[in-house]
2 protein chains.
Amino acid sequence: MEEQKKKILLVEDDPNFGTVLKDYLMMNDYDVVHAKNGMEGFEKFKKGDFDLCILDVMMPYKDGFTLAKEIREKNTDIPIVFLTAKAMKEDVLKGYKVGADDYLNKPFDSEVLLMKIKAIIQRKATETISDSKQFEFKIGGFDLNSKLRFLRYKGGDPIKLSPKENELLRLLALHENDLMPRELALTKIWRDDNYFTSRSMDVYIAKLRKYLKLDDKVEILNIHGEGFRLVVN
Amino acid sequence: MEEQKKKILLVEDDPNFGTVLKDYLMMNDYDVVHAKNGMEGFEKFKKGDFDLCILDVMMPYKDGFTLAKEIREKNTDIPIVFLTAKAMKEDVLKGYKVGADDYLNKPFDSEVLLMKIKAIIQRKATETISDSKQFEFKIGGFDLNSKLRFLRYKGGDPIKLSPKENELLRLLALHENDLMPRELALTKIWRDDNYFTSRSMDVYIAKLRKYLKLDDKVEILNIHGEGFRLVVN
DNA sequence: ATATTTGTTAATGTAAGGTTAAAAGTAAGA
DNA sequence: TCTTACTTTTAACCTTACATTAACAAATAT
């Protein structure tokens with residue numbers, strides 16, 4: 001399974017410093033989106049699904065604190081780190097008041113920043129484990145537990161599913177009896193829609209069909225050119 | 001309902017500074033225990049049930065880092081803040097490696113310290129509700145006492161567990177029959193998620209499996225790419 | 001009919017996990 | 001201080017799991 005890079009939103013108006021910092025973070029295996037001001041920062045924040053925000057305090061139009069407040073309204077949990085040139089006590093206090101997780105005075109050491117980022121993201125990672133998406137499905141005589149990745153027929157021995165099998169069956173189950181568009185699975189699971197990923201998906205459909213043979217009331221139908229349909233009679 | 005004061009362990013060898021800081025914190029509604037050196041700090045830590053530790057780095061006999069490591073062996077969750085006179089980068093990095101939550105260079109502003117304490121304790125308050133106080137488990141025919149670090153099968157001779165064995169088994173037990181994500185163990189126990197810590201974890205899984213062989217109803221299953229599952233049949 | 005899409009099986013390459021042993025690091029006793 | 005016992009990390013090697021690609025057959029659309 002592919003390692004998922006952590007996503008960082010960096011809002012910094014100084015183009016030189018911002019670019020350098022972005023490159024440095026990307027070199028260290030983070031996925032970085034760089035916004036040049038508070039306004040743009042908020043727009044990008046709404047679109048992306050970030051693990052951490054790094055905000056410059058002093059920016060034209062919308063300063064870091066204001067932006068932080070807006071971000072907090074949308075998301076109470078996401079860690080925020082402020083960058084600031086001046087080491088003003090009032091600023092530090094203000095930062096903590098809007099829920100900062102940390103604070104760095106420029107110029108700061110890049111290794112220290114890296115450590116802080118790591119510490120903060122790890123902290124959050126341990127909290128946010130039990131996010132309750134939908135993990136359990138009944139499909140005819142089958143039970144699908146997509147957190148533990150197994151499929152069981154009528155209380156028999158569980159069939160272990162590979163990550164792709166699991167995700168694909170889960171998507172089909174979410175659309176039970178309805179069309180599950182090819183494109184949806186490809187973009188959600190394979191993150192790319194091309195000839196090869198499409199062939200790959202067909203291979204997985206074949207595998208799922210083999211498993212589902214146990215119950216002849218359950219089948220995966222193809223809708224030519226559209227996608228697949230998990231039907232339960 | 002009566003509001004419970006948060007308990008802080010302050011380890012600081014400078015008697016003047018230590019006393020002033022202690023008084024300041026107590027004035028701000030914290031319950032503070034002041035230890036004058038690392039040794040005393042560890043003794044007091046074992047006795048009290050603290051919400052936060054503030055450790056001076058430079059102390060005679062036992063420095064703050066060593067003390068932090070000892071504290072971490074007893075408790076992986078408790079927040080630690082370091083105080084230091086010198087703003088050495090190496091020290092900061094070392095601090096984060098032993099799992100510091102924050103870092104303050106003397107002289108620091110007392111209001112800033114207060115804010116940080118507040119932020120850190122609040123952070124922990126949200127995560128540490130259910131699992132941190134659980135130290136005794138029944139796992140099939142086994143009893144795990146993870147405070148005393150031993151595992152006993154059907155009242156037989158206790159098997160002594162090393163700190164890592166113990167923490168890992170405890171995490172698995174907390175998630176009994178459910179997924180215990182690799183990432184969780186690595187970040188909580190090893191404080192880093194990389195190739196080597198991951199391999200190290202596998203070694204410990206092997207050790208635990210050897211212990212658990214005594215009861216063939218208990219086993220640790222792998223979920224490829226996700227983590228492990230302690231199952232009791 | 002013939003191009004396109006889908007079905008299925010097999011082959012291949014890579015990543016993850018299992019196991020054991022050696023090396024390195026620590027703690028405590030002699 | 002040296003020794004010994006013990007914990008943890010690093011390394012090596014092996015096995016298993018998975019995803020992709022290829023190849024070819026079958027179905028479907030134009």
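Chain A is the first sequence line, chain B the second, and so forth, proteins listed ahead of strands; every chain is numbered from 1.
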message: Between R182(B) and dG17(C), is there a contact of a side-chain N or O with OP1 or OP2 at under 4.0 Å?
response: yes

- prompt: Touch check for K207(B), heavy atoms < 4.0 angstrom, all strands: base, sugar-phosphate only, or nothing?
  reply: base

Integer-rounded Å distance: dA16(C) P and K164(A) NZ: 12 Å

message: With a 4.0 Å limit, can you tell me whether S198(A) has a side-chain N or O closer than that to the phosphate oxygens OP1/OP2 of dT6(C)?
response: no

- prompt: Does D143(B) come within less than 4.0 Å of K154(B), counting only side-chain N to carboxylate O?
  reply: no

- prompt: dA11(D) P sits how many Å from N194(B) CG, rounded?
  reply: 12 Å

message: Both N222(B) and E70(B) contact DNA chain C. Taking the nearest nucleotide for each, which residue is further toward the 5' end?
response: N222(B)

Atom-pair distance (CZ on F228(A); P on dT28(D)), nearest Å: 13 Å

- prompt: Starting at NZ of K160(A) and ending at P of dG17(C), how long is that distance when rounded to a whole Å?
  reply: 11 Å

query: Out of dA10(C), dT9(D), dT6(C), which has the shortest distance to the side chain of V203(B)?
result: dT9(D)

message: Tell me whether K74(B) is salt-bridged to E70(B), with the criterion being a basic N under 4.0 Å from an acidic carboxylate O.
response: no

query: In whole angstroms, how far is the P atom of dA16(C) from the CZ atom of R149(A)?
result: 12 Å

query: Does atom NZ of K160(A) have more than 12 heavy-atom neighbours, drawn from other residues, nucleotides or ligands, at distances under 6.0 Å?
result: no

message: Side chain of K69(B) only, heavy atoms from C-beta on: which candidate in dT26(C), dT8(D), dT19(C) is closest?
response: dT26(C)

- request: Report the C-alpha distance between L55(B) and V81(B) in whole Å, list the side-chain angles of each, state the deciding distance to 0.1 Å, and finish with yes or no for side-chain contact (heavy atoms from CB on, under 4.5 Å).
  value: CA-CA 6 Å; L55(B) 313 182; V81(B) 174; over 6 Å; no

field: d(CZ, R199(B); P, dC14(D)) in whole Å
entry: 14 Å

query: For H224(A) and dA27(D), what is the distance between atoms NE2 and P respectively, to the nearest whole Å?
result: 13 Å

query: Between I205(A) and A206(B), who's closer to the 5' end of DNA chain C by nearest nucleotide?
result: I205(A)

task: Give one of base, sugar-phosphate or nothing for R209(A), where a contact means two heavy atoms less than 4.0 Å apart.
output: sugar-phosphate

Phosphate-side-chain proximity, S200(A) and dT21(D), N/O vs OP1/OP2 below 4.0 Å: no

E183(B)/K6(A) salt bridge by N-O under 4.0 Å criterion: yes

Contact under 4.0 Å: W190(A) side-chain N or O vs dA19(D) OP1/OP2: no

- request: Measure the distance from CG on L168(B) to C1' on dG17(C) and round it to the nearest whole Å.
  value: 14 Å

task: Report which part of the nucleic acid Y195(B) touches: base, sugar-phosphate, or nothing (heavy-atom distance under 4.0 Å, all strands).
output: nothing

- request: Report the residue (Y204(A) or Y204(B)) whose heavy-atom-nearest nucleotide on DNA chain D is the more 5′ of the two.
  value: Y204(B)

